[in-house]
Amino acid sequence: MAEYSALSLLKNAFSGNRDWKPAWRKPDPKPSYDVIIVGGGGHGLSTAYYLAKEHGITNVAVLEKGWLGSGNIGRNTTMIRSNYLLPPNTNFYEHSVKLWENLSHDLNYNVMFSQRGVLNLAHTPGQLDDMARRGNAMRLAGVDSELMNPAQIGRLIPALDLSVGGRFPVVGGMMQRRAGTARHDAVAWGYARGADRRGVDILENCEVTGFLRDGDRVTGVTTTRGEIRARKVAVAVAGSTGRVMQLAGIDKLPIESHVLQAFVSEGIKPFMDTVVTFGAGHLYVTQSDKGGMVFGGDIDGYNTYAQRGNLPVVEEVMSEMVALFPGLARVRLLRSWGGLMDMSMDGSPIITTGPLPGMYLNCGWCYGGFKATPASGWCFAHTIAKDQPHAFNAAFTLDRFHRGILIDEKGQGSTPRLH
Ligand SMILES: Cc1cc2nc3c(=O)[nH]c(=O)nc-3n(C[C@H](O)[C@H](O)[C@H](O)COP(=O)(O)OP(=O)(O)OC[C@H]3O[C@@H](n4cnc5c(N)ncnc54)[C@H](O)[C@@H]3O)c2cc1C
């Protein structure tokens, strides 16, 4: 935040932040907008930002039922990568990484994007062959990727037990060095501030309770703060997609909601400066700038709209963590939490016009929605402004599930094995 000097920070600290300008306004809803975006998570806010910035559409409202950051944008483990096999995912996620690389500068807000690398471990020769194939596909698409052998991995992360307790020895790994992490709530705040400054109204505590219709066409929404009309209504509510779309009469979507848990340990001395994923189970871990180990595993295996998970997943994640890093067995766990995941049936997202006239849908993010935040908003804004997808999201249609053109990485990317 360049506008605050060290001196003014000090002055604010001693004056209860009296002169501190709010990062975004708290306007009352207008009776109508050009575009309403339902959901003030990362994707809703980035969509509003890019609508204003790239397309000059500023008569926009973002409607958030709680406060900004209360959903998954403030709950994820912040891992960012573009190491996919299939071209639609590779191109889309690489576009996202490129936006991440300039995001702090673009927003004039430090999102703490840290290209510390993401290392996927392989535990069988077959898995390593798969990684070589995926790495080659990435390199052909101009995305960085390198295979590492166990000795190189041992030098990079000396605390890693390369034998993984003798059961799943590490036979190699695939590293994407431009991948990494970012500060999740700064991403929400940065996009909110950027959108607000371009004239977008961000309406918190404004829950959408229904859709206004003229025949099939969606013409607005009913909310806890009154009726609001719009020429275009875009839905980006991630794990709440099923419930919100039901309000518009759409009760069949290729999406299931599950809870995903995450964990952070007490702070310890820096010992690992990359993200690592365990390929014989499902674990992804990084060390935060404060020193805590931030990690997670699989979704809880039942459908739910509750943001609280169960102990079997906790036990599994902890045992995988200790198998990889036996030296951390006595480190104390500080906190755990959960978030609602919108799991699509092929593990890839949906960014599309429809399914009703006047409506636009963004969902199906599975484990990958944080890394997608910039590209998702960028592509959704294009789709809303032009009434057609950009080449980057052309494959992420809803009807691919009817037509059988799935984008399924089969454990290579967005579905469980890797994060
Ligand atoms: C524990 C965990 C770890 C994760 N780790 C990673 C990771 O390391 N890397 C990665 O890429 N992804 C990760 N993800 C996934 C990622 O966080 C999500 O895919 C992404 O944040 C979803 O998009 P969003 O930010 O827009 O969602 P959200 O922040 O959930 O936004 C949706 C918003 O819609 C609002 N809403 C819902 N219903 C209504 C309504 N009726 N009216 C108005 N507003 C409404 C909600 O309150 C919410 O704020 C993780 C998720 C979880 C839960």
Side-chain angles (χ1 to χ4, degrees), residues 21-68 73 99 106-109 187-237 244 247-248 351-363 373-390 393:
K21 277 190 283 170
W24 57 90
R25 296 163 297 128
K26 305 259 179 226
D28 287 325
K30 294 195 274 190
S32 76
Y33 291 90
D34 289 337
V35 180
I36 280 176
I37 298 165
V38 186
H43 294 215
L45 293 167
S46 65
T47 303
Y49 175 76
Y50 292 115
L51 269 175
K53 179 176 178 242
E54 304 289 337
H55 305 281
I57 301 175
T58 55
N59 186 22
V60 175
V62 178
L63 314 187
E64 167 52 46
K65 79 171 175 190
W67 68 93
L68 296 194
I73 184 66
L99 290 171
D106 186 24
L107 297 174
N108 187 24
Y109 200 94
V187 174
W189 300 334
Y191 273 123
R193 191 181 76 145
D196 174 88
R197 290 194 173 176
R198 286 174 164 81
V200 170
D201 281 358
I202 294 167
L203 306 172
E204 291 171 88
N205 300 312
C206 185
E207 178 170 357
V208 168
T209 51
F211 288 83
L212 301 171
R213 301 271 287 266
D214 180 2
D216 259 0
R217 176 164 285 278
V218 174
T219 56
V221 290
T222 57
T223 79
T224 46
R225 296 177 70 179
E227 268 186 22
I228 313 176
R229 302 204 164 259
R231 287 197 304 115
K232 300 183 174 188
V233 176
V235 176
V237 292
V244 169
L247 300 173
I351 309 178
T352 185
T353 55
L356 296 172
M359 191 181 229
Y360 304 79
L361 182 62
N362 173 316
C363 62
T373 305
S376 166
W378 194 94
C379 290
F380 202 30
H382 179 104
T383 306
I384 297 164
K386 311 269 184 214
D387 274 309
Q388 59 182 33
H390 188 273
N393 64 306

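Computed from a prediction, not measured in an experiment: that's the story for all the values here.
With Thr383 contributing its side chain and Thr353 its backbone, the two residues share no donor-acceptor pair below 3.5 Å. Judged by distance alone, with hydrogens and angles left aside, the side-chain atoms of Thr223 form no donor-acceptor pair with the main-chain N or O of Cys206 at under 3.5 Å. Side-chain atoms of Arg193 come within 3.5 Å of backbone N or O of Asn108 as a donor-acceptor pair. Arg198 contributes no side-chain N or O that, together with a main-chain N or O of Ala48, makes up a donor-acceptor pair within less than 3.5 Å. Panel note: side chain Thr224, backbone Glu207; a donor-acceptor pair is recorded below 3.5 Å.
Looking at heavy atoms from C-beta onward, Leu247 lies out of side-chain contact with Thr222 at the 4.5 angstrom threshold. Between Tyr33 and Asn59, the closest side-chain pair of non-hydrogen atoms falls below 4.5 Å. Contact annotation: the side chain of Cys363 never approaches that of Val235 to less than 4.5 Å [non-hydrogen atoms, C-beta and beyond]. Between Val218 and Arg213, the closest side-chain pair of non-hydrogen atoms falls below 4.5 Å. Leu203 places a side-chain heavy atom less than 4.5 Å from the side chain of Ile228. Within the 4.5 Å cutoff, the side chain of Thr47 has no heavy atoms near those of the Tyr360 side chain. Residues Tyr50 and Cys379 fail the side-chain proximity criterion, which asks for heavy atoms closer than 4.5 Å. A heavy-atom distance below 4.5 Å is found between the side chains of Trp24 and Leu68.
In terms of heavy atoms, Ile57 sits closest to Ala385 at CD1-CB, 3.8 Å. Scanning both residues, Asn362 and Ser376, for their nearest heavy atoms gives ND2-OG, 2.8 Å. Taking every heavy atom of both residues into account, Ala234 and Ile384 meet most closely at CB-CD1, 3.6 Å. Gly42 and Ile73 make their closest contact through N-CB, 3.5 Å (heavy atoms, listed as atom of the first residue, atom of the second, distance). Considering every non-hydrogen atom in both Gly40 and Glu64, the closest pair reads N-OE1, 2.8 Å. Nearest heavy atom pair, residue Ala52 against residue Val200, reads CB-CG2, 4.4 Å.
By the side chain to side chain contact (heavy atoms under 4.5 Å, CB included) test, Arg217 pairs with Thr219, Pro357, sequence neighbours left out.
Between atom CG of residue Asp106 and atom OH of residue Tyr191 there is a gap of 7.0 Å, rounded to the nearest 0.5 Å. With values rounded to the nearest 0.5 angstrom, Arg231 atom CZ is found 14.5 Å from Arg229 atom CZ. Between Trp189 atom CH2 and Leu45 atom CG the span is 12.5 Å, to the nearest 0.5 Å. Note that OH of Tyr49 is 14.0 Å distant from CD1 of Ile37, once rounded to the nearest 0.5 Å. To the nearest 0.5 Å, atom CZ of residue Arg197 and atom CG of residue Leu107 are 11.0 Å apart. The line from CD of Gln388 to OG1 of Thr352 is 12.0 Å long, rounded to the nearest 0.5 Å.
Residue pairs meeting the salt bridge (Lys or Arg N to Asp or Glu O under 4.0 Å) criterion with at least one partner in residues 23-32, sequence neighbours excluded, are Arg25-Asp196, Arg25-Asp201, Lys26-Glu204, Asp28-Arg225. Residue pairs that meet the salt bridge (Lys or Arg N to Asp or Glu O under 4.0 Å) test with at least one member in residues 37-52, sequence neighbours left out, do not exist here.
Heavy atoms from other residues, nucleotides or ligands lying under 6.0 Å from CG of Asp214 number 12 at most.
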| task | Mind running side chain to side chain contact (heavy atoms under 4.5 Å, CB included) on Val237 and Lys65 for me, showing each step along the way? | result | CA-CA 10 Å; Val237 292; Lys65 79 171 175 190; over 6 Å; no
